[in-house]
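Taking it in order: structure first as structure tokens, then the write-up.
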Amino acid sequence: MSAPRPAVNPPNVQSYCHLFYISDSQQAQIERLQALIVQHQLPIVLNTERLHDKLTQKRRQQLSQTSSVPILVLDQKDKLSWLSDGLSVAPEWDKLQRRVVSAGRKSELLLQAAKVTADSRVIDATAGFGHDSLILASTGAQVTMLEQQPLMALLLLVEQQRMSTQPNWQKLMSRLHIINTDALSYFVTLPADMTGATKAVDVVYLDPMFPEDSYQDSKTGKGAKVGKHMQALHQLASPPTLEEERQLLQHAQVIVGNSDKQGRVVVKRPQLASVLANQQPSESWHNEAVRFDGYFA
């Protein structure tokens with residue numbers, strides 16, 4: 001999840017990051033990281049520094065408090081993470097293996113709403129840490145992952161590269177296509193008529209940033225707790241304006257209108273949040289914490 005409107009850096013502006021690593025033996029991994037930045041034209045300037053002391057929780061807090069730029073950490077297990085308020089956050093797709101293997105419409109509310117199949121083409125327009133993209137791609141669908149924030153896009157690319165080395169993940173990884181761009185800019189580049197050579201998009205999935213208090217009942221103050229991944233994303237992006245919500249939904253609906261199936265836009269919201277752009281959905285699916293609103297073409 002990320003917002004169409006950035007809180008830190010507008011598009012095409014260089015983003016400075018500081019990478020701390022543990023050992024000189026990690027130089028090859030740092031070179032691969034730099035190669036990904038160049039290959040995908042990420043506007044990131046990566047400054048590297050070796051840590052000579054232990055990366056304890058206290059040390060993580062100190063690094064977070066003293067740096068004016070985002071911090072990446074390559075730890076003793078060669079795991080790349082983003083240091084956000086002293087907490088290390090990363091996509092960690094391997095932790096979703098059980099969910100991915102067993103994913104189906106009975107167990108995943110998202111799949112009930114999206115109704116994707118193995119021949120579907122999906123755009124996850126607000127990829128974030130990529131967890132929902134994995135669930136969507138577990139069906140066999142091709143998933144284009146749009147992530148506006150360069151730092152997040154880099155974490156996704158590194159995770160895809162890491163998981164592609166594991167034989168049982170390779171097919172799934174090949175169905176994920178990560179692009180560092182904002183959703184609105186990408187939508188206007190798509191051809192108006194996606195018939196013929198260009199396969200039409202069947203589903204556009206939107207999980208835009210929303211205010212942190214959207215998770216709570218306005219009267220009781222009760223609601224779901226915000227996890228560390230969501231807390232981190234709130235540092236990078238802010239919620240879209242109402243006008244941006246309208247544009248996002250309108251463009252997405254036009255795109256899925258070319259599908260030879262029942263094209264749909266699926267929007268993820270906290271159960272207690274208002275509908276996107278004040279537009280009532282065609283249908284909704286929900287549990288105690290989350291709601292998926294479907295807008296059918």
Side-chain angles (χ1 to χ4, degrees), residues 1-11 84 89 91 109-110 113-114 122-136 143-153 155-156 178-190 201 203-216 223-224 226-256 263-287 289-296:
M1 171 194 305
S2 70
R5 176 167 57 95
V8 181
N9 292 307
S84 171
V89 290
L109 206 59
L110 170 57
V122 180
I123 295 176
D124 182 349
T126 45
F129 286 95
H131 297 168
D132 288 336
S133 289
L134 286 186
I135 300 302
L136 291 163
V143 180
T144 298
M145 303 168 62
L146 309 182
E147 176 47 53
Q148 176 172 343
Q149 302 297 336
L151 176 67
M152 290 303 305
L155 287 173
L156 291 172
I178 301 164
I179 304 175
N180 173 217
T181 186
D182 71 280
L184 288 175
S185 296
Y186 182 80
F187 287 166
V188 299
T189 66
L190 294 178
V201 175
V203 177
V204 172
Y205 177 57
L206 302 173
D207 184 9
M209 189 68 68
F210 26 75
E212 293 183 75
D213 59 8
S214 299
Y215 296 89
Q216 298 179 331
V226 180
K228 70 174 184 177
H229 288 89
M230 186 62 64
Q231 292 177 34
L233 286 173
H234 273 284
Q235 293 188 28
L236 281 184
S238 53
T241 65
L242 180 60
E243 179 58 29
E244 286 166 341
E245 288 187 354
R246 287 173 179 160
Q247 290 183 39
L248 199 58
L249 183 56
Q250 182 181 3
H251 280 81
Q253 288 175 307
V254 170
I255 289 168
V256 299
R264 60 183 60 199
V265 179
V266 176
V267 182
K268 184 179 183 180
R269 309 293 278 172
Q271 168 62 0
L272 302 171
S274 60
V275 294
L276 187 73
N278 292 330
Q279 298 294 314
Q280 292 301 317
S282 307
E283 190 173 347
S284 292
W285 297 258
H286 65 87
N287 56 29
V290 71
R291 189 181 77 240
F292 293 97
D293 294 336
Y295 298 82
F296 304 156

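Listed by chain and residue number, Phe296 satisfy the side-chain contact (heavy atoms from CB on, under 4.5 Å) test with Ser282 (two or more places apart in sequence, or in another chain). Not counting sequence neighbours, the partners of Tyr205 by the side-chain hydrogen bond (donor to acceptor under 3.5 Å, both in side chains) test are Asp132. Scanning for side-chain hydrogen bond (donor to acceptor under 3.5 Å, both in side chains) contacts around Arg291 gives Asp293, with sequence neighbours left out.
To the nearest 0.5 Å, atom CG of residue Leu276 and atom CG of residue Leu249 are 5.5 Å apart. Note that CE of Met209 is 10.5 Å distant from CD of Gln148, once rounded to the nearest 0.5 Å. The distance from atom CG of Leu242 to atom CG of Asn278, rounded to the nearest 0.5 Å, is 5.5 Å. Taking CD1 from Ile179 and OG1 from Thr189, the interatomic distance works out to 8.0 Å, rounded to the nearest 0.5 Å. Atom CG of Leu146 sits about 6.0 Å away from atom OH of Tyr186, to the nearest 0.5 Å. To the nearest 0.5 Å, atoms CD (Glu147) and CG (Leu156) are separated by 6.5 Å.
Formation of a donor-acceptor pair under 3.5 Å by the Arg269 side chain with backbone atoms of Ser274 is found in this model.
Of all heavy-atom pairs between Arg264 and Ala114, the closest is CD-O, 3.5 Å. In this structure, Ser133 and Val143 approach most closely via the heavy-atom pair OG-CG1, 4.0 Å. The two atoms that bring Pro208 and Thr126 nearest to each other are N-OG1, 4.0 Å, heavy atoms only. Considering every non-hydrogen atom in both Ala153 and Asn180, the closest pair reads CB-CB, 3.8 Å. The two residues His251 and Leu184 have their closest heavy-atom pair at ND1-CD2, 4.1 Å.
Looking at heavy atoms from C-beta onward, Tyr295 lies in side-chain contact with Val275 at the 4.5 angstrom threshold.
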* For Val290 and Lys268, run side-chain contact (heavy atoms from CB on, under 4.5 Å): C-alpha distance rounded to whole Å, both residues' side-chain angles, the deciding distance at 0.1 Å, then the answer. => CA-CA 7 Å; Val290 71; Lys268 184 179 183 180; 3.6 Å; yes
* To do: Evaluate the side-chain contact (heavy atoms from CB on, under 4.5 Å) criterion for residues Val89 and Phe129: first the C-alpha distance (whole Å), next the side-chain angles of each, then the deciding distance (0.1 Å), finally the verdict.
  => CA-CA 9 Å; Val89 290; Phe129 286 95; 4.2 Å; yes
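Of the candidates Val266, Asp124, Ile123, Leu248, Leu206 forms a side chain to side chain contact (heavy atoms under 4.5 Å, CB included) with just one, namely Leu248.
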